[in-house]
Protein chains: 2
Amino acid sequence: MRLTTKGRYAVTAMLDLALHEGKGPISLADISERQGISLSYLEQLFAKLRRNQLVGSVRGPGGGYQLNRPKAEIDVAEVIDAVNENVDATGCNRRGDCQSGEVCLTHHLWCDLSDQIHTFLSGITLADLVERKDVKEVSIRQESRQSEKMIATDIRAASGL
Amino acid sequence: MRLTTKGRYAVTAMLDLALHEGKGPISLADISERQGISLSYLEQLFAKLRRNQLVGSVRGPGGGYQLNRPKAEIDVAEVIDAVNENVDATGCNRRGDCQSGEVCLTHHLWCDLSDQIHTFLSGITLADLVERKDVKEVSIRQESRQSEKMIATDIRAASGL
DNA sequence: TAAAGGCTGACTAATTTAGTAGGATAAATA
DNA sequence: TATTTATCCTACTAAATTAGTCAGCCTTTA
Ligand code: FES
Ligand code: FES
């Protein structure tokens, strides 16, 4: 089992989409800036999210990505799964054969742990996250940061740079 | 966060010690054979377990390792921790600073998940595992395998090979 | 004194992560 | 129609980690 920035990035980006739902397609450049994730890396992650039918894309200017389903119907476990981070703690993919074809001493322990984690993560949807106080706070901070930057670039543009 | 064979091996080996408690020091060669783990790799893992005071060692012939505490007072989380696999799912080690010094969108989600996992793993002791039916069954299988092998080598020795 | 076993450090192949680089394609707009 | 904006796609990379191997030294018991 592993849970690294890859899975965290994927969930963060999907949550960003959920937060800006209804404003039309969101470009990866926007997400990259707001969430501090490399644009090229996001492209790779969204390729997988798209293949797993979690998001849809619109190409060309004004294009971007949108959730393919209502945010209340996308859970965190799915998102992590889509980018190939499996939250399975066993060494045998639950097959029970990691000790030369037979079940090892601790197999059931890891199965229990996997169930625990999966139950937790699949019980949380993007809609749940959007409603959380801490998420709202961070989101507000990110929005104001972004508009500050936009104003700064506007000034620079207006002054002829 | 990651949970790979490293942590699984450590828990398996510690459980093997717990299962054979009271029979004096257990050699890594025995554990290696019973659990199918490379001897040299076990040595590396036990160096860490010893540094973390989880096991004690006896050198020389008849030597080996023993639990340093009653098996009811050693929990799975400790063992995994001892071999440097941290079960923390955040990207910031709970500091809340992974987005250029500030808290990211999903920080609290990963904190909750980490708590969940830690609570689960620290609630299970080696004594708990020893009592489990599935562990007992696998242990019995491993014992009989081992004695079969010993008989086989005895025969070979007796026949002058 | 030889063997059993712990102890140590250096090395390694393979894999994965977290990207970068460079370009191709599609759609909107000027 | 040309330019711009964006997705899409492939290939490459440095760094880290895993799961070991190898060689040899140190202790203790028989
Ligand atoms: S983890 Fe499933 S058999 Fe070992
Ligand atoms: S995971 Fe803690 S701040 Fe992002």
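Naming: A, B, ... by sequence-line order, numbering from 1 per chain.
Linking Ile, Leu, Val, Met, Phe, Trp and Tyr whenever their side-chain heavy atoms come within less than 4.5 Å puts A:L3 and A:Y41 in one cluster. B:L54 and B:V58 are assigned to two separate hydrophobic clusters, defined by single-linkage of ILVMFWY side chains at heavy-atom distances under 4.5 Å.
For C:dT8, one of the phosphate oxygens OP1 or OP2 lies less than 4.0 angstrom from a side-chain nitrogen or oxygen of B:R50.
Counting to the nearest Å, the C1' atom of D:dT5 and the CG atom of A:D30 are 12 Å from each other. When rounded to the nearest whole Å, the span between CD1 of B:I26 and C1' of C:dA4 equals 15 Å. Rounding to whole angstrom units, CZ of residue B:R2 and P of D:dA19 are separated by 10 Å. For the pair A:Y41 OH and C:dG22 P, the computed distance is 20 Å after rounding to whole Å. Across the protein-nucleic acid pair, A:E43 atom CD and D:dC9 atom P stand 11 Å apart, rounded to whole Å. Atom CG of A:L28 and atom C1' of D:dT5 are 12 Å apart (whole Å). Between the OH atom of B:Y9 and the P atom of D:dT17 there is a distance of 19 Å, rounded to whole Å. The distance from atom CD of A:Q44 to atom C1' of D:dA11 is 10 Å, rounded to the nearest whole Å.
Heavy-atom nearest nucleotides on DNA chain D were determined for A:P61 and for A:A47, and the one closer to the 5' end corresponds to A:P61. Comparing A:G62 and A:G7 along DNA chain C, the residue whose closest nucleotide (by nearest heavy atom) sits nearer the 5' end is A:G7.
Across all non-hydrogen atoms, the minimal contact from A:A13 to A:L42 is CB-CD2, 4.0 Å.
Salt bridge annotation for A:D81-A:K48: absent, with no cationic side-chain nitrogen under 4.0 angstrom from a carboxylate oxygen.
Residue-level contact check: A:Y65 touches the backbone only, with heavy atoms under 4.0 Å from sugar-phosphate atoms and none from bases.
Judged by atom type and distance alone, A:R59 reaches the base of D:dT7 through a side-chain donor-acceptor pair under 3.5 Å.
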